Amino acid sequence: MKTTAPLVAACLLFAALPVAAQEHAHAGHDHAAMHGAPASAPLQAAVSGDWRSAANAARDQYRHPLQTLEFFGVQPQQTVIEITPGGGWYSEILAPYLRGQGHYVAAVVDPQALPAGGGRDYQQRTRDGLEKKFAGAPALFDKTTVVAYDPAAPVLGKPGSADVVLTFRNVHNWRASNQAEGMFRAFFAVLRPGGTLGVVEHRAKADVPADDKSGYVGQAQVIAMAEAAGFKLEERSEINANPRDTKDHPNGVWTLPPSNTHDAADDARYKAIGESDRMTLRFVKPRP
């Protein structure tokens with residue numbers, strides 16, 4: 001893949017960071033991760049990079065990647081695990097941002113851990129698509145690691161090996177599969193003491209049953225699951241809130257963009273709402 005000018009600029013910014021990182025060592029990035037310190041210029045460069053797909057960049061108005069990653073305190077020297085990156089929306093930002101000093105890990109469902117059928121096939125297609133994306137752009141993804149996990153007994157890496165775990169809009173799926181508690185325990189296990197768990201999820205008006213089909217989850221429910229695994233809620237943010245989302249759509253959250261599972265005649269109505277109302281929560285793994 002040809003290295004574009006913005007990517008060169010980003011890499012130059014990355015190269016300027018090691019001295020400061022060495023001076024501050026762990027104390028500096030501990031503080032940043034735990035207190036949502038403002039992002040450095042390289043994060044802005046990664047978000048603005050012209051290597052990102054136009055379709056992905058168009059969703060920044062709803063997903064607020066710069067503000068979200070700032071809130072989570074993600075720093076360029078950290079090891080960051082993203083859970084089920086899907087098509088790699090955040091990978092396009094995180095992988096180049098972490099490439100110089102840190103480490104981006106994409107944790108995907110191991111298709112072979114699932115019974116034969118549609119679920120396994122879906123996860124295989126998803127993994128194949130993500131790995132093809134990574135292989136096709138080595139200037140961005142050559143240092144990325146893909147970790148496959150069994151959702152029934154997830155292991156995301158060596159205990160205490162990650163600084164940050166991030167999950168975007170996944171909790172509703174885990175609850176529906178009775179896997180949420182195990183996933184949160186896996187997050188806790190792989191994070192170092194003082195590490196950060198960042199969660200973004202479709203927010204219901206109130207608690208919903210585990211078999212709810214709307215795609216929304218109660219914010220208090222997510223907090224309770226994280227705390228049951230050992231985390232402490234450090235801060236919540238309204239960065240990804242959307243008060244226009246009434247949360248009563250005929251096909252749940254998938255009625256809204258980007259899924260747009262609705263009649264064509266209703267397109268303008270749902271486009272005016274935009275993407276879902278989302279909670280944004282930062283947790284910390286307490287130190288002993």
Side-chain angles (χ1 to χ4, degrees), residues 1 46 52-53 56 65 69 72 74 78-99 102-192 195-201 210 215 217 222 225-226 229-231 283 285:
M1 178 179 178
R52 297 182 63 205
S53 76
N56 285 349
L69 295 176
F72 291 146
V74 177
Q78 293 177 321
T79 294
V80 178
I81 302 176
E82 184 186 0
I83 311 300
T84 59
W89 197 94
Y90 260 104
S91 304
E92 291 183 355
I93 298 169
L94 287 167
Y97 174 62
L98 298 166
R99 182 173 179 267
H103 188 200
Y104 172 66
V105 180
V108 303
V109 173
D110 181 359
Q112 298 307 308
L114 305 180
R120 178 192 288 182
D121 294 344
Y122 171 79
Q123 295 296 344
Q124 189 66 61
R125 289 194 303 271
T126 301
R127 180 175 181 176
D128 290 347
L130 189 66
E131 291 183 335
K132 181 179 179 180
K133 181 186 188 79
F134 292 169
L140 302 175
F141 302 113
D142 61 342
K143 297 184 180 180
T144 292
T145 297
V146 176
V147 171
Y149 67 89
D150 178 352
V155 176
L156 305 173
K158 293 181 179 180
S161 62
D163 298 295
V164 180
V165 170
L166 300 175
T167 173
F168 301 97
R169 307 182 347 268
N170 292 311
V171 179
H172 61 283
N173 291 322
W174 299 328
R175 293 187 77 236
S177 302
N178 197 30
Q179 296 167 344
E181 289 78 9
M183 292 300 299
F184 277 90
R185 287 194 297 269
F187 304 158
F188 192 86
V190 79
L191 279 168
R192 63 174 177 79
T196 297
L197 169 63
V199 180
V200 177
E201 177 57 286
V217 182
V222 175
M225 282 186 284
F231 288 101
F283 300 91
K285 177 176 177 176

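Just so it is clear, the model here is predicted, and its values are computed rather than measured.
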Nearest-0.5 Å distance, CH2 of residue W89 to CZ of residue R169: 9.0 Å
Under the salt bridge (charged side-chain N to carboxylate O under 4.0 Å, His left out) test, residues paired with D142 that sit two or more places apart: R99
For R127, salt bridge (charged side-chain N to carboxylate O under 4.0 Å, His left out) partners two or more places apart: E131
Test side-chain hydrogen bond (donor to acceptor under 3.5 Å, both in side chains) applied to T167 - qualifying residues, sequence neighbours left out: N170
Nearest-0.5 Å distance, CD of residue Q179 to CG of residue D150: 8.0 Å
With S53 via side-chain hydrogen bond (donor to acceptor under 3.5 Å, both in side chains) - residues at least two apart: N56
Under the side chain to side chain contact (heavy atoms under 4.5 Å, CB included) test, residues paired with Y149 that sit two or more places apart: I83, T84, A107, V109, P151, P154, L156, W174, M183
Side chain to side chain contact (heavy atoms under 4.5 Å, CB included) partners of A189, counting only residues at least two apart: none
Residues which pass side chain to side chain contact (heavy atoms under 4.5 Å, CB included) with T145, listed by chain and number, not counting sequence neighbours: H103, V105, V147
Listed once per pair and sorted, the salt bridge (Lys or Arg N to Asp or Glu O under 4.0 Å) pairs that draw on residues 103-123, sequence neighbours left out: none
For S91, all residues meeting side chain to side chain contact (heavy atoms under 4.5 Å, CB included), sequence neighbours excluded: E82, P85, Y104, L130, F134, F141
Partners meeting salt bridge (charged side-chain N to carboxylate O under 4.0 Å, His left out) with R52 (sequence neighbours left out): D60
Pairwise salt bridge (Lys or Arg N to Asp or Glu O under 4.0 Å) hits with a residue in residues 83-97, at least two apart: E92-K133
Side chain to side chain contact (heavy atoms under 4.5 Å, CB included), paired with L166, selected from V200, L69, V199: L69
Side-chain heavy atoms of Y97 within contact of V74, under 4.5 Å: yes
For G86 against T126, the heavy-atom pair lying closest together: O-CG2, 4.0 Å
Neighbour count >12 (heavy atoms, 6.0 Å) for atom CG, D128: yes
ring-ring contact (aromatic ring centres under 6.0 Å, His included) involving F184 - partner list, sequence neighbours excluded: F187
Option among L197, T196, V190, L191 that satisfies the side chain to side chain contact (heavy atoms under 4.5 Å, CB included) test with K285: L191
